[in-house]
Trainee: 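Pasting in a structure now, in structure tokens, and then I'll have a few things to ask.
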Amino acid sequence: MAVCLDCRLDLLHAPSCTLSELRIAGEVMPRVRWGSERSWRRTNQRCYDCNVASRGTHHLGCDIEECPSCGGQLLSCGYLTDEPWEA
């Protein structure tokens with residue numbers, strides 16, 4: 001069983017991560033939900049990386065999650081820091 005380190009839910013069954021906001025550069029921002037990304041084309045009902053359901057919040061660490069600040073890939077855009085995830 002794979003578990004999200006932030007919401008502690010099972011990735012195979014959780015419809016969404018429960019962490020709905022991120023702190024980026026000191027600003028609290030809502031996370032981009034699966035299916036709302038500007039740069040990814042959804043090909044199925046669940047995210048093919050973190051398995052959230054349509055319109056769900058990706059689990060942190062998902063390769064598909066888009067940065068709410070710059071629109072790039074959240075994992076590699078440079079906006080995520082070691083600040084606490086919780087707003």
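Please read these numbers as outputs of a predicted model, since none were measured by experiment. Both backbone and side-chain heavy atoms feed into the values below; hydrogens, waters and symmetry mates do not.
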Trainee: Can you find a heavy atom in the side chain of H59 that is under 4.5 Å from one in the side chain of D6?
Mentor: no
Trainee: Rounded at 0.5 Å granularity, tell me how far CE in M29 sits from CD in E21.
Mentor: 10.5 Å
Trainee: Using every non-hydrogen atom in the two residues, find where L9 and T18 come nearest and quote the distance to one decimal.
Mentor: CD1-CG2, 3.9 Å
Trainee: Can any side-chain N or O of D49 pair as donor or acceptor with the backbone N or O of D63 at less than 3.5 Å?
Mentor: yes
Trainee: Partners of R31 by salt bridge (charged side-chain N to carboxylate O under 4.0 Å, His left out), sequence neighbours excluded?
Mentor: E65
Trainee: Return the CG to SG distance between L74 and C62, rounded to the nearest 0.5 Å.
Mentor: 9.5 Å
Trainee: Is the shortest side-chain heavy-atom distance between L22 and V28 below 4.5 Å?
Mentor: no
Trainee: Work out which heavy atom in A53 is nearest to a heavy atom in R46; give both atom names and the distance.
Mentor: CB-NH1, 3.8 Å
Trainee: I would like to know whether R55 and S16 meet side-chain hydrogen bond (donor to acceptor under 3.5 Å, both in side chains); could you show each step before the answer?
Mentor: CA-CA 8 Å; R55 306 293 300 150; S16 181; over 6 Å; no
Trainee: Nearest 0.5 Å, please: how far is CD in E37 from SG in C67?
Mentor: 12.5 Å
Trainee: Side chains of R33 and S54: donor-acceptor distance under 3.5 Å anywhere?
Mentor: no
Trainee: Taking the side chain as every heavy atom from C-beta outward, state whether C4 and L11 have any atom pair closer than 4.5 Å.
Mentor: yes
Trainee: Could you tell me if the side chain of H58 sits less than 4.5 Å from the side chain of W34, heavy atoms only?
Mentor: yes
Trainee: Heavy-atom distance under 4.5 Å between the side chains of P68 and P30, does that happen here?
Mentor: no
Trainee: Quick check: do C7 and L19 have side-chain heavy atoms less than 4.5 Å from each other?
Mentor: no
